[in-house]
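Please read these numbers as outputs of a predicted model, since none were measured by experiment. One-based numbering along the sequence shown.
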Amino acid sequence: MLQIGLDYCDKDYTSSVAKESSLNYIDNLITNQTVQNNMGTNIRSGIGRRSSNETLRIIVTTFISIVFGFFLGINLPSTLLPSIDLGYIEDKYSGLSSQALLNVWSSLRNKGISFHEPEDTKIWVPTNPRGAETLPPGIVTSESDLYLRRLYGTPSEDLIIKPRYLVTFTVGYEQKDNIDKAVKKFSENFSVLLFHYDGRTSEWNEFEWSNRAIHVSVPKQTKWWYAKRFLHPDILAPYDYIFIWDEDLGLEDFDPERYISLIKKHGLEISQPGLSANSGLTWQMTRKRDDSEVHKDAEERDGWCTDPHLPPCAAFVEIMAPVFSRNAWRCVWHMIQNDLVHGWGLDFALRRCVEPAHEKIGVVDAQWVVHQTVPSLGNQGQAENGKAAWEGVRERCKKEWQTFQIRMTLAERAYLKANGIDQINSTNS
């Protein structure tokens, strides 16, 4: 790959203005080369038409090209050819021949633009990301985004607006109508990402918004499998809040922008909308209340809460419709286990990612949704040993919850022991 840089020994090219001028020069040079090629073709074509001997013209042209190529191979520096990936450049500037690109290169060299750092230059920056220590810090790009870009034009003009929030849905095509209604609730301030667990993606083109969404398709996987692999915090760095939602949510009474204003107002780093009374409910904490904008605690059944500040009575939201701040998601992502794909038990551990958890985790009552409890994911299982497909899925969910709890307990004990902390007196449970 051709990598273009400025010769730092030449002071005329050290400023950002000089850099931009050099890059503009490159583009203009390539454009001019294209025009020259076309003009040359037209001239030769005209001569060919006037010539009475087309065969002789072809022979002469071929001979001259061979001779020119021979001398070109002799005169070019030996260090030049190995450093140019003409296949890549020709693909980038389709329509230009290899000779045209070499002419551009030669002109750039004459202009004083260097493509090689001095041999005695050694770079080692230990504060760079792991594996990038040999790069100058100014070129290191450690974070990215999910913004869709054009294949043409100027990069700085690609984005009319940069979305500040991300919403993801894990979907099957059978829920297309519900997802269509849901996506239309989210403004251009949101990037939309659909994870397809049924392998059907092209069918979604029937919706106008589909070509602005990002589609990731891997059959028979879960929301948290996708999240671990495609929602790395460094990729989501531009987004203030991340919605990681199921497909069976009714959003008729939900306003995403209003929701965000409320979680900012109440300082919630991890949240979810309240669940309406006609939703499938498991915990009192997630039930919508009519007398508040937000609530952060609840009363559960006797014996369910050993501490009023701990789940499920506080510091708790469910995993069907969580919303994370950027910082909270960075912590939660690292807590997701690669092999525990259903995420059961994760909701009880979210409190470890914010402090104080009982103040920064809550449910938004003023913006609510309906949990329709459509068991679509259960149908993605496999019937075996006399059990229906959904039974196998549910059984694994329960086992994953137990496994996650065991791993968390062992990890915590190992940390306390390694740091000489009395486990009995430790208040972190």
Side-chain angles (χ1 to χ4, degrees), residues 143-153 155 157-260 272-273 319-326 329 333 336 341 343 367 369-372 374 376-377 380:
E143 298 177 341
S144 188
D145 56 62
L146 294 174
Y147 301 150
L148 301 179
R149 293 186 174 274
R150 306 175 301 178
L151 305 184
Y152 59 91
E157 298 176 354
D158 283 348
L159 304 175
I160 299 175
I161 184 172
K162 290 185 178 181
R164 297 176 56 192
Y165 318 114
L166 172 70
V167 58
T168 77
F169 292 98
T170 302
V171 303
Y173 188 65
E174 291 183 359
Q175 297 299 315
K176 66 183 179 70
D177 292 333
N178 191 55
I179 292 298
D180 176 46
K181 295 175 183 178
V183 169
K184 288 177 179 177
K185 286 282 187 174
F186 293 88
S187 71
E188 61 185 2
N189 282 328
F190 288 81
S191 292
V192 177
L193 171 56
L194 299 187
F195 296 124
H196 299 270
Y197 61 74
D198 61 355
R200 301 174 66 181
T201 56
S202 59
E203 291 95 328
W204 292 82
N205 290 336
E206 67 181 272
F207 301 113
E208 179 273 335
W209 49 262
S210 181
N211 62 355
R212 300 191 305 273
I214 300 169
H215 300 263
V216 175
S217 178
V218 183
K220 297 190 176 183
Q221 299 302 321
T222 70
K223 175 168 68 175
W224 300 108
W225 184 93
Y226 292 114
K228 186 65 173 179
R229 288 150 183 84
F230 298 102
L231 299 182
H232 190 281
D234 287 344
I235 302 299
L236 306 190
Y239 300 109
D240 294 338
Y241 294 96
I242 300 101
F243 294 57
I244 304 181
W245 284 15
D246 288 354
E247 64 182 336
D248 59 344
L249 300 173
L251 275 61
E252 289 78 7
D253 299 298
F254 184 76
D255 182 339
E257 302 280 357
R258 175 60 179 157
Y259 181 90
I260 288 175
Q272 75 162 77
I319 59 175
M320 73 184 71
V323 178
F324 303 98
S325 70
R326 181 193 301 110
W329 176 245
W333 182 89
I336 299 171
V341 296
Q367 290 295 317
V369 298
V370 178
H371 186 208
Q372 300 163 343
V374 177
S376 52
L377 190 59
Q380 297 297 309

### Pairing residues for Y165 by the ring pair (Phe, Tyr, Trp, His ring centres under 6.0 Å) criterion, not counting sequence neighbours
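Y165 satisfies ring pair (Phe, Tyr, Trp, His ring centres under 6.0 Å) with F190 once adjacent residues are dropped.
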How long is the straight-line distance from [atom2] of [Y] back to [atom1] of [X], given to the nearest 0.5 Å?
X: S217; Y: D198; atom1: OG; atom2: CG; result: 7.0 Å
X: K223; Y: I244; atom1: NZ; atom2: CD1; result: 7.5 Å
X: D158; Y: L148; atom1: CG; atom2: CG; result: 10.5 Å
X: N189; Y: K162; atom1: CG; atom2: NZ; result: 14.0 Å
X: H215; Y: N205; atom1: NE2; atom2: CG; result: 6.5 Å
X: I214; Y: L146; atom1: CD1; atom2: CG; result: 4.5 Å

Check whether any side-chain heavy atom of [X] lies under 4.5 Å from a side-chain heavy atom of [Y], and answer yes or no.
X: W245; Y: P322; answer: yes
X: E188; Y: R212; answer: no
X: V218; Y: W225; answer: yes
X: V216; Y: H196; answer: no

### Query
Okay, side chain of H371, backbone of A321: is any donor-acceptor separation there less than 3.5 Å?
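Side chain of H371 to backbone of A321, a donor-acceptor pair under 3.5 Å: no, none is there.
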Please report the closest heavy-atom contact between [X] and [Y], naming both atoms and the distance.
X: L231; Y: W329; answer: O-NE1, 2.8 Å
X: Y259; Y: P273; answer: OH-N, 3.5 Å
X: S191; Y: Y239; answer: OG-OH, 2.9 Å
X: V374; Y: Q175; answer: CG1-NE2, 3.4 Å
X: E247; Y: V171; answer: OE1-CA, 3.5 Å
X: P238; Y: Y147; answer: CB-OH, 3.3 Å

### Message
If only side-chain N and O atoms count, and only distance matters, is there a donor-acceptor pair under 3.5 Å linking T170 with Y226?
### Response
no
### Message
For a quick check under 3.5 Å, do S144 and H232 share a side-chain donor-acceptor pair by atom type?
### Response
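Checked: S144/H232 side chains show no N/O donor-acceptor pair below 3.5 Å.
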### Query
What class does the angle between the rings of F186 and F254 fall in, given that below 30° is parallel, 30 to 60° is tilted and above 60° is perpendicular?
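Ring orientation of F186 relative to F254: tilted.
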### Task
Quick one: do F195 and Q221 satisfy side chain to side chain contact (heavy atoms under 4.5 Å, CB included)? Show the steps, please.
CA-CA 9 Å; F195 296 124; Q221 299 302 321; over 6 Å; no
### Test salt bridge (charged side-chain N to carboxylate O under 4.0 Å, His left out) applied to K176 - qualifying residues, sequence neighbours left out
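Listed in chain order: E206.
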### Message
According to salt bridge (charged side-chain N to carboxylate O under 4.0 Å, His left out), who are the partners of D240, at least two apart in sequence or on a separate chain?
### Response
R164, R326
### Task
Step by step, work out the side chain to side chain contact (heavy atoms under 4.5 Å, CB included) result for D255 and K185.
CA-CA 7 Å; D255 182 339; K185 286 282 187 174; over 6 Å; no
### Task
Count the heavy atoms belonging to other residues, nucleotides or ligands that lie under 6.0 Å from CD of E257, then report whether that count exceeds 12.
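Counting neighbours around CD of E257, more than 12 heavy atoms of other residues, nucleotides or ligands fall under 6.0 Å, so yes.
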### Message
For W204 and F169, I'd like to know if the aromatic rings sit close, meaning centre-to-centre distance below 6.0 Å.
### Response
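No; F169 has its ring centre 6.0 Å or more from that of W204.
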### Query
For the side chain to side chain contact (heavy atoms under 4.5 Å, CB included) test, which of D180, V183, I179 pairs with F207?
D180
### Task
Run the numbers on W224 and I319 for side chain to side chain contact (heavy atoms under 4.5 Å, CB included), then give the verdict.
CA-CA 9 Å; W224 300 108; I319 59 175; 3.8 Å; yes
### Task
Please lay out, stage by stage, how D177 and K181 fare under the test salt bridge (Lys or Arg N to Asp or Glu O under 4.0 Å).
CA-CA 6 Å; D177 292 333; K181 295 175 183 178; over 6 Å; no
